[in-house]
Structures are given as C-alpha cells and as structure tokens.
Number of protein chains: 2
Amino acid sequence: MIYDISMSIDKNMKVYKNKAEKIPKLEFTKSHEKDNMCESRIILEMHTGTHLDAPYHMLNEGKTIDEINLDTLVTDCRVIDLSHIKEKITKIDLEDFHIKKNEFILFKTSNSSNLLFNPNFVYLDKSGAEYLLKCGVIGIGTDGLGIERSQKNHETHKILLGNDINIIEGLDLKDIEEGIYKLIALPLKIKGAEASPVRAILIKE
Amino acid sequence: MIYDISMSIDKNMKVYKNKAEKIPKLEFTKSHEKDNMCESRIILEMHTGTHLDAPYHMLNEGKTIDEINLDTLVTDCRVIDLSHIKEKITKIDLEDFHIKKNEFILFKTSNSSNLLFNPNFVYLDKSGAEYLLKCGVIGIGTDGLGIERSQKNHETHKILLGNDINIIEGLDLKDIEEGIYKLIALPLKIKGAEASPVRAILIKE
C-alpha cells in the first residue's frame with residue numbers, strides 16, 4: 001500500500017509567508033489546440049511544497065542536493081503523532097518516543113490540517129534538534145513548510161544539516177497513522193542546488 | 001545497492017535538439033555572502049533529462065502527471081541490452097526477450113554512451129510499441145531523450161500513452177548490466193502537467 005504524502009504543486013498551494021514570488025508558475029509552450037501535443041515548463045522555488053533541504057542551504061561548505069546519499073532517502077521511517085503540540089517541539093516532547101540510532105522520524109502535527117499558511121506553525125526547537133542529534137537519527141520530516149521559525153541564526157537547521165541529517169519539509173501527513181513505514185523521498189539531481197522538491201511516499205508492507 | 005540512473009540537471013546537460021531554451025536555469029535568490037544562507041529557483045522544462053511522460057503529453061483527454069498511479073513506478077523492472085542496435089528497436093528485436101504481462105522494461109542502448117545530443121538516437125518504432133502493448137507491459141524506459149523520432153504523428157508515444165503505459169525518457173544506463181531490479185521513478189506532483197523530471201534509481205537486493 002502506497003501513501004502519497006506530497007503536497008500538490010499548483011498555483012493555489014500553500015507557500016511560505018504567502019509570498020507571491022513563491023507560487024510556482026507552469027507555462028505551456030506547446031498546446032493540443034495548436035500543436036497536437038503539449039509541453040510545459042515551470043518556474044519553481046526549490047523550497048516549494050514537499051522538499052528536501054541539503055546542508056548547502058545553511059552551510060557554505062555543505063553538500064548540495066545532488067550530493068546527498070540516496071540510501072538515507074529510501075529507508076524505514078517512523079511517523080510520530082505530535083498533534084497535541086501548539087507551539088514547538090522540544091526535547092521533553094520527544095523523550096517518551098525512545099528514538100534510536102539511524103531512525104528517520106516524521107512529525108505529524110496540527111500543521112497537516114492547515115490548508116492556509118499559518119505564520120505560527122508548529123516547529124522543532126533547538127533543544128529538540130540537539131536531542132535528535134544525540135539519538136543519532138538520519139533524517140527528520142515535518143508537515144510544516146519549515147522545520148523552524150522564531151529562532152536566531154537558524155539553529156535547528158544548522159544542528160541537523162551540519163551533521164548531514166536529512167530535513168524534509170512540507171509533508172502532508174493528515175491521513176497517516178503513527179507507525180513504521182518505508183519512506184521514499186528522492187530529490188531531483190539538480191547540480192549545485194541547496195534543496196529540491198520531492199515526491200514523497202510511504203509504503204506499508 | 002542503489003544505482004542512480006538519472007541525468008544530472010545542469011547548464012551543460014544534453015538537451016533535445018540542442019535547443020537553448022531547453023537548458024535549465026538555476027538562479028539563486030539568496031546567497032551565503034549576503035544572506036548567511038542560500039535559496040534558489042529553477043526554470044525547468046518538464047521533458048528535461050530523466051523524465052516521465054503522462055498521457056496528456058500526446059492525448060488531450062489523457063491523464064496528467066499528478067494523476068499517474070504510483071504503484072506502477074515503484075516496481076520490479078528488467079533492463080535489456082540493445083547496444084547492438086544502430087537505428088531503431090522493432091518487434092523483431094524484442095521477440096527473443098520473452099517479455100511478459102506487467103513487466104516494466106528498460107532499454108539500454110548506445111544512447112547511454114552519447115554525452116552530446118545525437119539527432120539519430122536509437123528509438124522504439126511503431127512495430128516495437130505495438131508488440132510491447134500486446135505483451136502487456138506497464139512501462140518502458142529508454143536512454144534516449146525521446147522514445148521516438150522520425151515517425152509521423154508520434155505513433156510510438158500514442159500507442160503507449162493511449163494505453164496508460166508509462167514512458168521514462170533520458171535514463172542513464174551506461175553502468176547498468178542486464179537483469180532484474182527494483183525501479184523507483186516518481187514524478188513531482190505538478191497539477192495539470194504533461195510530464196515531470198524524476199530521480200530514477202534501480203535497487204539490486
């Protein structure tokens with residue numbers, strides 16, 4: 001059973017801070033009416049919808065998106081339900097889940113139910129990021145369009161990306177139950193980019 | 001073991017007929033120098049590099065790329081070596097492979113070795129497409145930037161897409177041996193598009 005946990009990429013989608021320049025633009029260069037077939041191109045920000053951040057997003061010497069180890073993106077993962085959290089995910093919120101080395105953890109929060117961009121979206125704070133690093137996770141996914149907000153100097157991003165821990169943002173987990181799944185979330189092989197949209201799916205055997 | 005069979009998306013990549021407008025353009029909107037982090041956007045044709053065609057590419061009433069059944073893109077596949085073929089793949093070339101119902105077949109041809117666009121790339125002709133339809137395949141992948149050329153009215157495309165048979169174009173199979181693999185080749189969920197670049201991989205258990 002495949003669960004599609006990707007946001008639809010279209011002109012009505014939720015974008016960060018509702019900025020107009022972040023809305024993707026699909027343009028048809030050939031059409032069925034004129035050309036008997038069609039072709040299109042897109043203008044697309046790398047942080048649109050469901051996407052993977054590469055270390056280079058925050059670290060000048062970090063890996064770019066085409067350099068990410070794909071073994072860490074075709075892997076078992078665990079969805080944990082944090083729907084009760086209102087503001088931010090901290091170390092204390094995570095301790096009860098007994099997170100182990102090499103796990104890939106996806107946070108299901110109230111963000112998944114928000115069709116519109118919520119400037120006060122639930123995020124992972126510095127203490128939570130430090131705790132996950134200590135646990136030895138290989139990746140974190142969130143249903144917020146960002147994994148953090150309201151922290152100076154992007155601390156959560158830097159703790160995770162500085163240790164080559166994958167960050168997937170913009171997941172759609174509203175129909176997903178807690179549990180273990182196979183995750184697939186492969187970035188496009190865009191040379192030199194700091195992120196890429198992905199088609200993310202979960203598989204339940 | 002994961003084999004990456006995707007072309008790199010960059011300004012020096014091979015594009016169809018070497019048309020300048022088909023070269024992807026990655027632009028940074030924030031930079032490490034000015035912003036202490038970086039962000040980019042891309043202008044990208046949907047048929048760039050390794051990509052999946054949707055029926056809507058050739059058929060006005062066909063499915064768009066966001067409507068493709070993902071079960072058919074996380075699946076067993078078979079790579080067959082057709083490196084000896086100079087011009088086109090026909091029914092006669094395929095009969096010896098005893099292709100069965102529900103197979104996903106990838107053609108490894110001399111196209112994989114061409115770093116530059118070759119206007120005379122090896123393609124699948126109408127007789128080959130009709131034969132594959134009769135076999136009952138669920139998908140075809142090719143290492144050419146197109147699955148056909150030099151045929152009136154896009155017959156190969158229409159035979160395959162008209163029967164919801166997936167077409168992946170632009171694979172890089174030069175390092176891949178004949179055999180059975182797990183294929184993953186998921187399109188971005190771009191609403192209404194006729195195709196999408198994919199990060200395609202093979203897994204050998």
Side-chain angles (χ1 to χ4, degrees), chain A residues 1-2 4 6-13 21-22 24-26 28-30 32-33 36-50 56-60 66 69-71 73-74 153-154 157-158 184-201 203, chain B residues 1-2 4 6-13 21-22 24-26 28-30 32-33 36-50 56-60 66 69-71 73-74 153-154 157-158 184-201 203:
Chain A
M1 176 73 188
I2 292 180
D4 186 3
S6 313
M7 289 172 61
S8 178
I9 297 174
D10 65 65
K11 62 184 178 185
N12 299 313
M13 72 187 296
E21 67 270 26
K22 295 195 180 292
K25 284 158 206 72
L26 185 72
F28 279 84
T29 53
K30 293 193 178 179
H32 284 287
E33 293 67 30
N36 234 349
M37 50 87 95
C38 71
E39 288 183 6
S40 65
R41 66 171 164 237
I42 197 165
I43 303 171
L44 184 67
E45 300 233 343
M46 293 296 96
H47 300 265
T48 303
T50 309
Y56 183 57
H57 178 35
M58 289 292 164
L59 302 155
N60 204 2
D66 50 310
N69 178 2
L70 300 185
D71 285 314
L73 294 162
V74 181
N153 202 24
H154 311 290
H157 274 91
K158 287 186 177 169
I184 301 173
L186 297 169
L188 295 181
K189 195 174 178 176
I190 303 174
K191 193 171 179 180
E194 84 295 353
S196 168
V198 298
R199 184 66 173 269
I201 62 170
I203 302 175
Chain B
M1 175 76 188
I2 292 181
D4 186 2
S6 313
M7 290 173 61
S8 178
I9 297 173
D10 64 65
K11 63 185 178 186
N12 300 313
M13 72 187 296
E21 68 269 26
K22 294 194 179 294
K25 284 158 207 73
L26 185 70
F28 279 84
T29 53
K30 294 193 177 180
H32 284 288
E33 293 66 30
N36 235 348
M37 50 88 95
C38 71
E39 287 183 5
S40 66
R41 66 171 163 236
I42 197 165
I43 303 172
L44 184 66
E45 299 232 343
M46 293 297 95
H47 300 265
T48 303
T50 309
Y56 183 57
H57 177 34
M58 288 292 164
L59 302 155
N60 204 2
D66 50 311
N69 177 1
L70 300 184
D71 284 314
L73 295 163
V74 181
N153 203 23
H154 311 292
H157 273 92
K158 286 187 177 171
I184 300 174
L186 297 170
L188 296 181
K189 194 173 178 175
I190 303 175
K191 194 171 179 181
E194 84 296 353
S196 168
V198 298
R199 184 65 173 272
I201 63 170
I203 303 176

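The figures here come from the full heavy-atom set of this structure, side chains too, leaving out hydrogens, waters and symmetry mates. Protein chains get the first letters and strands the later ones, always in sequence-line order, with residue 1 at the start of each.
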Between A:E39 and B:M46, does a side-chain contact (heavy atoms from CB on, under 4.5 Å) hold up when you go through it step by step? CA-CA 7 Å; A:E39 288 183 6; B:M46 293 297 95; over 6 Å; no

Verify side-chain contact (heavy atoms from CB on, under 4.5 Å) between B:K191 and A:N12, making sure each step is shown before the conclusion. CA-CA 10 Å; B:K191 194 171 179 181; A:N12 299 313; 5.7 Å; no

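Residue B:V74 touches chain A through its side chain alone, counting heavy-atom pairs closer than 4.5 Å. Within the 4.5 angstrom heavy-atom criterion, only backbone atoms of B:M7 (N, CA, C, O) approach chain A. Contacts between B:A195 and chain A at a heavy-atom distance below 4.5 Å are absent for every atom of the residue. Using a 4.5 Å cut-off between heavy atoms, B:H157 does not touch chain A at all. For A:K22, the part lying near chain B is the side chain, with the backbone staying farther off; criterion is any non-hydrogen pair under 4.5 Å. Only the side chain of B:F28 comes within less than 4.5 Å of a heavy atom of chain A; its backbone N, CA, C and O stay farther away. Both the backbone and the side chain of A:L44 come within contact range of chain B, each with at least one heavy atom under 4.5 Å from a heavy atom of that chain. Using a 4.5 Å cut-off between heavy atoms, A:P187 touches chain B through backbone and side chain atoms alike. For A:L59, the part sitting under 4.5 Å from any heavy atom of chain B is the backbone (N, CA, C, O) and nothing else. The contact between B:I190 and chain A is made by backbone and side chain atoms together, counting heavy-atom distances below 4.5 Å.
In terms of non-hydrogen atom pairs under 4.5 Å with chain B, the most contact-rich of A:M58, A:E21, A:R41, A:H32 is A:H32. In terms of heavy-atom pairs under 4.5 Å with chain A, the best-connected choice from B:H154, B:K25, B:K189, B:M1 is B:K189. Between chain A and the residues B:S6, B:S40, B:G192, B:P197, the most heavy-atom pairs under 4.5 angstrom are made by B:S40. Among A:D66, A:T48, A:D4, the residue with the largest count of heavy-atom pairs under 4.5 Å with chain B is A:D4. Counting heavy-atom pairs closer than 4.5 Å to chain A, the top residue among B:G49, B:S8, B:S196 is B:S8.
Considering every non-hydrogen atom in both A:K158 and A:N153, the closest pair reads NZ-OD1, 3.0 Å. Of all non-hydrogen atoms in A:I9 and A:P24, the two that sit nearest each other are CG2-CG, 3.8 Å.
For B:H47 and B:H57, the ring centers are positioned less than 6.0 Å apart.
Between the CG atom in A:L26 and the NZ atom in A:K11 there is a gap of 10.0 Å [rounded to 0.5 Å]. Distance check: B:I42 CD1 to A:I43 CD1 gives 11.5 Å after rounding to the nearest 0.5 Å. Interatomic distance, OG1 of B:T50 versus CG of A:L188, reported as 10.0 Å (0.5 Å rounding). The CD1 atom of A:I184 lies 6.0 Å from the CG atom of B:L186; values are rounded to the nearest 0.5 Å.
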